[in-house]
Amino acid sequence: MAKAKLMDFDKALELFEPVLGFEVHVELNTRTKMFSTAPNYFGGEPNTNITPVDLGLPGSLPVVNGQAVRYSISLGLALGCSIAPSSRFARKNYFYPDLAKNYQISQYDEPIAFEGSVDVELADGRTFTVPIERAHMEEDAGKLTHVGGATGRIQGAEYSLVDYNRAGVPLVEIVTKPIFGAGADAPELAKAYVATIRDIVVALGISDARMERGNLRCDANVSLRPYGQEKLGTRTETKNVNSLRSVERAVRYEIQRQAQILADGGTIIQETRHWHEDTGATSAGRPKSDADDYRYFPEPDLLPVVPSAELIEELRAALPEPPAARRRRLKQEWGFTDLEFQDVQNAGLLVEVSETVAAGASPQAARKWWSGEISRLANARGAEAASLVSPSDVAALVSLIDSGALNDRLARQVLEGVIDGEGSPQKVVDARGLAVVSDDGALIAAIDEALAAQPDVLAKIKDGKVQAAGAVIGAVMKAMKGQADAARVRELVIERAAE
Amino acid sequence: MGHHEHELIRLSAAALAEKLGSGEVSSVEATKAHLDRIAAVDGEVHAFLHTAPEASLATAAAIDARRAAGEELHPLAGVPIAIKDVIVTNDMPTTSGSKILEGWVPPYDATVMVKLRAAGLIPIGKTNMDEFAMGSSTEHSAYGPTHNPWDLERIPGGSGGGSAAAVASFEAPLALGSDTGGSIRQPAHVTGTVGVKPTYGGVSRYGAIALASSLDQIGPVSRTVLDSAMLHDVIAGHDPFDSTSLTDAWPSMAEAVRRADVKGLKIGVIQQLDGEGFQTGVLERFREALDVLAAAGAEIVDVSLPSLEYAIAAYYLIMPAEASSNLAKFDSVRFGLRVNPPGGGTVEDVMSATREAGFGAEAKRRIILGTYALSAGYYDAYYGSAQKVRTLVQRDFAAAFEQADVLVSPTAPTTAFKLGQNTGDPMAMYLNDIATIPANLAGIPGISLPVGLAREDGLPVGIQFLAPAREDARLYNVGGALEALLEQAWGHTLISLAPDLAPGEMAAAQEGAV
């Protein structure tokens, strides 16, 4: 595919005001599916987690999952929404083979939650309020695998396989109102918004929220309009943005692409666009018009959802602390500088650091390990830092350092062992024999050997040039294969010189 | 067929159940008698799309064994029953009268089947119906029409003509039907049998292939009011697999029949369904029945349902709208017919070719109507307005039930018409349901039972009673009372006047006469 011409981002922002909108789908982690008793587990052998309902077999009927309703209400409340005293499911009719009934049970004109807002913090600490139009319940579709053809996409495929294990997985779709005024912050806001939604659903415990697994999916709407124009520009809807970074890049790309087209006198086609992580570009999907006719009508197989006021209040009372308030509290409790805190937050490591502190590590040590060595290893391995090691192992590692059993260098080796699945930090220390040598006798022997090799050092130290000790310390550490406490070695060298 | 069998098939379900209970007759004998009857007459009647002789005899033998072992069984245990093919059965093909499901054996049982089997009834086969229950004559069945046992040239009603004809021709004492706009009651009317549409939500719809979800209801089909009541008692009750099923505890319908007391009962005659457009012979029998009820102490009053004139129009928007969505799943991907277009094609091409070949003309007509009615820009004018009419009909009924305990009308405007008479005129076919549709729109229960033969054509006429939602028992009380009063006056049952279809028996009778 030919890569589109892109306008320089700053220039695009000079000419046009970007307007954003997001549809975020959250897969709920209920035990069973939205409308059936099948396990809510996507994976395993294809077409095994299914019932007649998930296959849309003739005669089958849906029944609403009560837990999914409670989760949806909690999410609606966390988004500052009003909860509808009565909401209804509707059928969205269209033919597609991943849709077992050829209609999706969703909510249309009567969503369970509506009119809310979410405070989103940008990296520099500014807060941006994103208006929420609605959050509604629906069912996921099955998964198509296109076989034959080069791209794995439907074009050119010989045939397609359908796995209905995912069909009927409960979803909440969160729809924003048009978001104005983000300006040059638009790409960052996009990322921060999705990160905030993720933080909220994780805090609520209602979704695994793993973007790479599709638990959290974002469709990003972007349109541009000349400054001062009231009418919104034509929008595109970019799909397949499967990471926070992709959300940011895709929005930036669309702003640049659309700006170039508009500046060249062209028009934007209202369509879905497909994000390609590898090329960092979007490509045209299917045309999407406001006149798409899904022939919505109230789902006659289901009764309206009428949560009691008591239930809503009970769920409201049980809401966890809002992520923004929680961040303010943690920053204060941990005593981090703005920069330190933003580092952790931007790396998406708040939960990890928080849990590491909870497991006994000092906030600074937890921060240092997560945003330092663990993040470096994650980058090198192309993985998420959180997936490499557990907060409790990091806390255990820190505790070994604090007790003097490990120095930083050894600790890094132990960390690698833990990540490679060799067991807990203590287990790795034992198995690899990585403990610091704390026997002064052995250290003094090594020091004497090093001093003998560098006879002028002792004199320099006696002259007050204490930094000269470094050469000896280095030699001792080398001789001890790093398994010594450098601070203790230094003390012993100074003592020697004082003799 | 032996003399013994000839008697067995003419017993009501209740009477047969008693003989089974006392050990006078075995379930195997009863089942075999009905299978023999099917073999003898169904070539002409064509009530069945599928019969299960081996499985039903095996089930019957198992029931006999349990009874012999002294087990306490349900009163209807061992009684054969025919199942409308709209209901999924895990041991028999289920087609809903359509080519698109030909040969499909569902992997699961409808909730009503689970209940029937638990009670020990013997499912003997699947009965014919208009494709996806769309019709009033069974002529829209993809497998050919069913014939009315009273006159084989005439329609047995629809869509449940197969179940009604099976019962009327003594092929089964009981059957299950489904009623979306009259598909249980209108066939009962034209075949001289009894059919009941329960309150919406009274019987689980899980496993009934949906025509119109907000209107469909499964119900009993039989030759006597008591038999329908006993079957109703088996299938009613809450089902966690059907969100629209009511959680009510239901009183015994069979007891309501045995009460059979109309003294002081206020019966409201629906003015809009008592005159114009109704066959003279139908009205004559209807009014006679009212006289009988009045003589027995019932109070006959007039009620008006002003919104009724819009009911058919509203019904023919709501039903096809829901049907167009319900029938979308028939796409060849997961079950049923698959037609590959010449030279192959995309999945869309295959879906399209399958639906083109698999659906009959009436199904296509209603899918197109319903798709149109739900389209953006037309929704409010069609589906939206129809739902408002539905609300008005419900209000009319609520007001009428302030004045009367039950309402009454003829079940349909005419007696059975000739096969082929209305197939070219969908509107004439649709008008057959004028008296039955309102109950489905309002979600209230209705019963049809025979009140005699029309003077001009000698064909059966039915009367319909309607009751408020959840008051199904009232229908059984008044129905049971009227049935007893009429049979007392006639000195026989109406069904005993039905022609005997078995050629062998006919020949024997004629020889005897010579």
Side-chain angles (χ1 to χ4, degrees), chain A residues 35-37 47 50-66 89-105 108-109 142 144 146 154-155 157-162 164 167 289-305, chain B residues 86-88 94-96 101 104 106-111 132 204-210 212-216 239-245 318 321-322 324-336 346-348 350-352 355 370-379 383-384 387:
Chain A
F35 300 114
S36 85
T37 55
N47 297 311
I50 50 169
T51 69
V53 177
D54 309 298
L55 281 184
L57 292 188
S60 65
L61 294 172
V63 176
V64 177
N65 182 330
F89 286 97
R91 291 189 187 175
K92 181 180 183 179
N93 294 284
Y94 64 98
F95 281 84
Y96 210 68
D98 65 5
L99 203 57
K101 304 178 290 296
N102 286 316
Y103 58 81
Q104 180 194 30
I105 306 179
Y108 180 50
D109 50 359
L144 289 173
H146 304 296
I154 194 163
Q155 289 84 6
E158 285 168 44
Y159 61 92
S160 304
L161 301 169
V162 201
Y164 291 102
S289 83
D290 290 329
D292 272 349
D293 192 351
Y294 292 115
R295 304 190 311 281
Y296 281 103
F297 73 104
E299 166 57 282
D301 286 329
L302 294 173
L303 303 177
V305 175
Chain B
V86 74
I87 294 165
V88 304
T94 301
T95 70
S96 208
L101 276 181
W104 182 59
Y108 76 111
D109 253 347
T111 297
F132 289 110
S204 169
R205 291 185 297 116
Y206 191 74
I209 298 176
S213 313
S214 73
L215 301 163
D216 296 346
D239 177 11
F241 286 99
D242 175 0
S243 307
T244 60
S245 103
I318 293 168
E322 293 184 10
S324 71
S325 176
N326 283 333
L327 296 191
K329 62 177 58 168
F330 299 95
D331 64 1
S332 82
V333 174
R334 295 160 307 281
F335 49 81
T346 64
V347 66
E348 225 171 56
V350 175
M351 286 179 177
S352 185
R355 290 166 68 81
T371 303
Y372 190 76
L374 288 175
S375 297
Y378 297 100
Y379 180 93
Y383 191 76
Q387 289 291 9

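A note on names: the letters A, B, ... follow the listed sequences, proteins ahead of strands, and every chain is numbered from 1.
Contact of the A:Leu57 side chain with the B:Pro107 side chain is registered, since non-hydrogen atoms from C-beta on lie closer than 4.5 Å.
Atom CZ of B:Arg334 sits about 11.5 Å away from atom CG of A:Asp54, to the nearest 0.5 Å. Atom OG in A:Ser60 sits 11.5 Å away from atom CG in B:Asp242 (nearest 0.5 Å). The structure places OG1 of B:Thr111 at 8.0 Å from CG of A:Leu61, a figure rounded to the nearest 0.5 Å.
The most heavy-atom pairs under 4.5 Å with chain B, out of A:Leu303, A:Thr37, A:Leu302, A:Asp301, come from A:Asp301. Counting heavy-atom pairs closer than 4.5 Å to chain B, the top residue among A:Tyr164, A:Phe95, A:Tyr103 is A:Phe95. For the set B:Ser325, B:Ala208, B:Gly207, the count of heavy-atom pairs under 4.5 angstrom toward chain A peaks at B:Ser325. Interface check for chain A: of the options B:Ser375, B:Ser214, B:Ala210, the most heavy-atom pairs under 4.5 Å are formed by B:Ser375. Ranked by heavy-atom pairs under 4.5 Å with chain A, the list B:Ala373, B:Ser324, B:Ser243 is led by B:Ser243. When the candidates B:Tyr383, B:Tyr206, B:Tyr378 are compared by the number of heavy-atom contacts under 4.5 Å with chain A, B:Tyr206 comes out ahead.
Closest non-hydrogen pair, B:Ala328 versus A:Lys101, comes out as CB-O, 3.7 Å. In terms of heavy-atom proximity, A:Pro58 sits nearest to B:Tyr108 at O-OH, 2.7 Å. Closest non-hydrogen pair, B:Phe335 versus A:Gly56, comes out as CE2-O, 3.8 Å.
Distance alone, capped at 3.5 Å, is enough to place a donor-acceptor pair between the A:Asp293 side chain and the B:Ala376 backbone.
Both the backbone and the side chain of B:Phe241 come within contact range of chain A, each with at least one heavy atom under 4.5 Å from a heavy atom of that chain. Using a 4.5 Å cut-off between heavy atoms, B:Thr371 contacts chain A through both its backbone and its side chain. Of the atoms belonging to B:Ala110, not a single heavy atom falls under 4.5 Å from chain A. Both the backbone and the side chain of A:Pro97 come within less than 4.5 Å of a heavy atom of chain B. For A:Tyr296, the part sitting under 4.5 Å from any heavy atom of chain B is the backbone (N, CA, C, O) and nothing else.
Using a 3.5 Å distance cut-off with no hydrogens or angles, the side chains of A:Arg91 and B:Asn326 do pair a donor with an acceptor.
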